[in-house]
Amino acid sequence: MSEALAGLDLASLGTVPDASRPSYDPRALRVGHVHLGAGAFFRAHQAWYSHLVTTLGDHQWGILATSQRSPAVTDQLSAQDGLYTLLERPTRGTPSAHVVGVVRRTASAARDPQRIVDALASPDVHVVTLTVTEKGYRARHGRLASDADVEADLAGRPPVTVVGQLVRGLMARARGDAGPVAVVSCDNLSDNGTVLRGLVNDFVERLPGSDAARVATYIDAAVTFPCTMVDRIVPATLDRDRDDVRRLIGLRDEASVVAEPFTQWVIADEFHGPRPAWEKAGATLTGDVAAYERVKLRLLNATHSLIAYLGALAGYETIAEAVGDPLIEQAARDLIDHDQAPTLVAPEGVQLTSYRDEVLSRFANAALGHRTAQVGMDGSQKLPQRLLSAVRERRAVGAVPVMGALLVAAWLRFLSGRDDAGRTIEVSDPMAGRLGPLLAGTDAAMDRHTVREVLGVTEVFGPDLAGDEAFGDAVTAWYTALREHGVSDVLRGERPVTR
Ligand code: CS2
């Protein structure tokens with residue numbers, strides 16, 4: 001039956017029930033915004049804010065959205081004229097569906113990188129946003145890596161790296177006098193705008209002389225890199241989400257995304273040119289993003305990772321199931337209260353204990369089906385941002401972040417690819433190939449050595465943590481306990497390491 005249903009596109013949009021149909025005509029939008037990385041998060045977050053702004057009558061913020069590696073997402077979007085549905089799932093009650101019409105064009109870096117450069121060069125474009133994940137930045141110790149792709153982009157091919165695309169786009173803007181632009185990183189990196197600006201500068205410095213000078217002058221005069229804090233839980237879309245969308249809008253939608261109702265966006269108010277009035281859609285434009293960003297990374301994201309790793313090892317499929325285990329929930333609270341919150345200064349109007357409680361209740365939203373394996377992905381890229389900077393601050397004041405050590409140990413156990421019952425865990429991490437073999441041992445006498453070797457991987461742990469005896473001992477004690485007894489017994493029993 002359902003196979004006979006028409007798909008969502010401009011021709012079928014009129015059949016969508018009023019409650020789900022955009023109040024504007026997508027065809028009327030001009031493209032003023034380029035987004036790099038058209039994944040689910042972008043569709044449920046930045047595009048959603050622009051959708052709300054457009055609903056209020058401002059029609060100049062249509063988006064050209066790009067896919068960076070696989071063209072699958074942009075292919076799906078372009079087959080639907082850029083339209084897709086955001087399905088909001090509250091903890092209780094019925095989900096709601098909203099068709100979003102602000103994505104007006106797409107481009108794939110894998111297929112047509114020059115199209116992205118041309119889009120970035122357009123004088124109509126004044127805003128560029130990015131969600132390319134931590135690894136998309138190709139940073140190594142805060143500097144631009146010199147891998148083969150970066151080198152090839154520097155040599156002048158149509159660029160496939162994100163920083164290469166940005167710089168080639170900015171060079172074309174400089175040549176064409178395209179006016180000011182704000183480049184807004186929306187990834188979970190500390191000081192994301194500053195980091196991105198540094199990587200752009202690194203690329204520029206490695207360009208041949210006259211090119212470098214011209215684009216550097218343009219960047220100084222006309223380009224800003226506002227830092228942002230983005231927050232919304234957006235799990236991978238499942239078949240049951242697509243089924244609900246189909247029921248609610250009466251059409252098939254292969255590009256739909258699912259999210260919790262909660263959303264937050266804090267943006268540094270540094271724009272030289274026009275921008276969407278995202279504050280009318282609930283965003284906060286402020287002078288100080290750093291405080292929000294640290295609270296979010298250290299309380300929400302770090303805790304998410306702890307729940308994901310402990311949960312996956314204990315055999316829980318989803319974050320909601322894992323945090324529903326009182327032992328894991330208590331570990332999450334302890335991480336926040338004892339190790340992470342003491343490193344934070346709450347921004348005005350934010351109370352850390354209420355923030356903690358709200359985060360834990362968002363994680364408990366079982367309707368989302370957010371998988372522990374999904375949050376567990378890419379730990380080598382995520383933990384430095386959300387955990388290890390806080391670990392360093394605790395160590396600097398002489399404290400041993402015991403629960404932070406548990407998070408590292410649980411991640412290492414997760415990387416072994418087996419849960420506590422010996423079942424396979426799906427591991428996806430760019431460093432799994434390097435770290436996995438180090439973790440094969442099953443001998444308590446060797447654990448200390450194993451953990452030291454892993455802490456010696458400077459790309460993750462920096463130059464300092466390998467030499468930190470007290471932290472290394474704490475990670476080792478947890479690691480041995482988890483390996484020998486499993487998550488439940490370890491959390492139920494006496495802690496193998498105390499503060
Ligand atoms: C999660 C984040 O997968 C992860 O690493 O911690 O994607 C998290 O859901 C978002 O940052 C919430 O805003």
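Whatever order the structure lists ligands and atoms in, that order sets their numbers, starting from 1.
- For Q264, no heavy-atom contact with ligand 1 is shorter than 4.0 Å.
- Heavy atoms from other residues, nucleotides or ligands lying under 6.0 Å from CD of E426 number 12 at most.
- Ring geometry for W278 against W265 counts as tilted: the plane angle lies between 30° and 60°, on a 0 to 90° scale.
- Residue contacts with ligand 1 include K296, since one of its heavy atoms falls under 4.0 Å from the ligand.
- For atom 13 (O) of ligand 1, the closest non-hydrogen atom of the protein is D231 OD1, 2.5 Å.
- Here the protein heavy atom with the shortest distance to atom 2 (C) of ligand 1 is N301 ND2, 3.5 Å.
- For R240, the CZ atom counts as densely surrounded, since its 6.0 Å shell holds more than 12 non-hydrogen atoms of other residues, nucleotides or ligands.
- Using cut-offs of 30° and 60° for the angle between ring planes, the H33 and H35 rings count as perpendicular.
- Atoms of ligand 1 found under 4.0 Å from any heavy atom of K382, numbered from 1 in the order shown, are 3 (O), 4 (C), 5 (O).
- In R232, the part holding a heavy atom less than 4.0 Å from any atom of ligand 1 is the backbone.
- A salt bridge links D357 with R333: at least one charged nitrogen is closer than 4.0 Å to a carboxylate oxygen.
- Few gaps surround CZ on R247; more than 12 heavy atoms of other groups in view lie less than 6.0 Å from it.
- For ligand 1, the atoms closer than 4.0 angstrom to any heavy atom of R386 are 4 (C), 5 (O), 6 (O).
- Looking at atom 6 (O) of ligand 1, its nearest protein heavy atom turns out to be H304 ND1, 2.8 Å.
- The part of N188 lying near ligand 1 is the side chain, judged by heavy-atom distances below 4.0 Å.
- For H304 and H370, the ring centers sit closer than 6.0 Å to each other.
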